[in-house]
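Presented below is the structure to which this report refers.
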Amino acid sequence: MVSPGQKVVLITGCSSGIGLRMAVMLAKDEQKRYHVIATMRDLKRKDKLVEAAGDAYGKTLSLAVLDVCSDESVKQCINGIKDRHVDVLINNAGIGLVGPVESIPIEEMKKVFETNVFGVIRMIKEVMPDMKKRRGGHIIVVSSVMGLQGVVFNDVYAASKFAMEGFCESLAVQLLKFNVTLSMIEPGPGAHRV
Ligand SMILES: NC(=O)c1ccc[n+]([C@@H]2O[C@H](COP(=O)([O-])OP(=O)(O)OC[C@H]3O[C@@H](n4cnc5c(N)ncnc54)[C@H](OP(=O)(O)O)[C@@H]3O)[C@@H](O)[C@H]2O)c1
């Protein structure tokens, strides 16, 4: 249950890594400022998150299924939220791909773009119109330092993050007049281990 004054924060890709850590950190906020909807594509992978959340689970943290690559899953998740009200959308779900371009099938490359680019855009398309109507909201996109600089053998991953940099830079300006903020985070390698 969301308490009055709490911000609803929806995070994608919370089964591990940065998403899991962000969900736990926000749900354990001492002032209880956030109600975190921690989403993942397969709830069978929830145990690590539930354990790390401890007492916050069921109070300031709830779980929901969400596959960023599926229109139906995204719609179902957002429609399941009271009044579809999301104050902060954190687009964290992402996949990597390392290797020489000539050895990677195009289908593998497409999966990276489906998740890192169209997955994020699908989320924004679903949540942004409500934020615009309410004249308020914050969209966060977890990019990478490889969204700013290419790295050998990370060609396709870097390209997917560069794509999001261009997308967000353009969209952020349009959202200003609706009082919706769009931020990007560009973590370096090994970010979730700190
Ligand atoms: N860790 C770093 O050093 C670093 C550095 C720069 C940027 N980043 C970025 O940070 C974000 C999180 O990465 P991470 O390092 O924490 O990696 P991670 O531990 O592999 O976490 C990625 C998360 O995304 C989820 N995911 C993948 N495809 C999905 C889909 N179709 N729908 C919903 N969720 C999906 C994974 O779920 P499953 O468990 O179901 O696979 C997992 O929960 C990514 O966008 C990544 O590019 C990370």
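Bear in mind the structure is a predicted one, so any value in this text is a computation, not a measurement. Hydrogens, waters and symmetry mates are skipped; everything else that's a heavy atom, side chains included, is used. Atoms within a ligand are numbered from 1 in the order they appear, just like the ligands themselves.
Looking at ligand 1, you'll find an N or O of V68 within less than 3.5 Å of one of its N or O atoms. Backbone and side-chain nitrogen or oxygen atoms of D67 are examined, and one is located within less than 3.5 angstrom of a nitrogen or oxygen of ligand 1.
Within the 4.0 Å heavy-atom criterion, neither part of T12 lies near ligand 1. If you look at E186 next to ligand 1, there are no close heavy atoms at all, none under 4.0 Å. With a 4.0 Å cut-off on non-hydrogen atoms, N92 touches ligand 1 through its backbone as well as its side chain.
Counting only distance, with no hydrogens or angles, the side chain of S62 and the backbone of G58 share no donor-acceptor pair below 3.5 Å. With hydrogens and angles ignored, the 3.5 Å screen pairs a side-chain donor or acceptor of Q6 with a backbone N or O of K32. Between the T12 side chain and the N92 main chain, a donor and an acceptor come within less than 3.5 Å of each other. At distances below 3.5 Å, at least one donor-acceptor pair connects side-chain atoms of D29 with backbone N or O atoms of R33.
Between G119, S70, S16, it is S16 that holds the heavy atom closest to atom 19 (O) of ligand 1. Between atom 22 (C) of ligand 1 and the options A93, G94, G17, C69, the minimum heavy-atom separation is to G94. The closest non-hydrogen atom to atom 7 (C) of ligand 1, taken over G147, S143, G188, comes from S143. Of the listed options P189, S144, G13, G13 places a heavy atom closest to atom 23 (C) of ligand 1.
Side-chain atoms of S3 and H35 form no donor-acceptor pair, as typed in the model, at a separation below 3.5 Å.
Ion pairing of K111 with E108 is present here, as a side-chain N (NZ or NE/NH1/NH2) and a carboxylate O approach within less than 4.0 Å. By the 4.0 Å N-to-carboxylate-O rule, E126 lies close enough to R84 to be salt-bridged with it.
Short contacts between ligand 1 and V142, defined as distances under 4.0 Å to a heavy atom of the residue, involve ligand atoms 9 (C), 10 (O), 11 (C), 45 (O). Listed by atom number, the atoms of ligand 1 under 4.0 Å from L66 heavy atoms are 32 (N), 33 (C). Taking a cut-off of under 4.0 Å to the non-hydrogen atoms of R45, the atoms of ligand 1 that pass are 38 (P), 39 (O), 40 (O). Ligand-side atoms of ligand 1 in range of T115: 28 (N), range being under 4.0 angstrom from any heavy atom. Within ligand 1, counting atoms from 1 as listed, the ones closer than 4.0 Å to a heavy atom of I18 are 1 (N), 10 (O), 16 (O), 48 (C).
Using 4.0 Å as the threshold, M146 has no heavy atom nearer than that to any atom of ligand 1. For R41, the closest heavy-atom approach to ligand 1 falls below 4.0 Å.
Contact of the L10 side chain with the I90 side chain is not registered, since no non-hydrogen atoms from C-beta on lie closer than 4.5 Å. Counting heavy atoms from C-beta outward, T181 and I139 have side chains that stay 4.5 Å or more apart.
Shown here for V120 and N116, the closest heavy-atom pair between the two residues is CG2-O, 3.3 Å.
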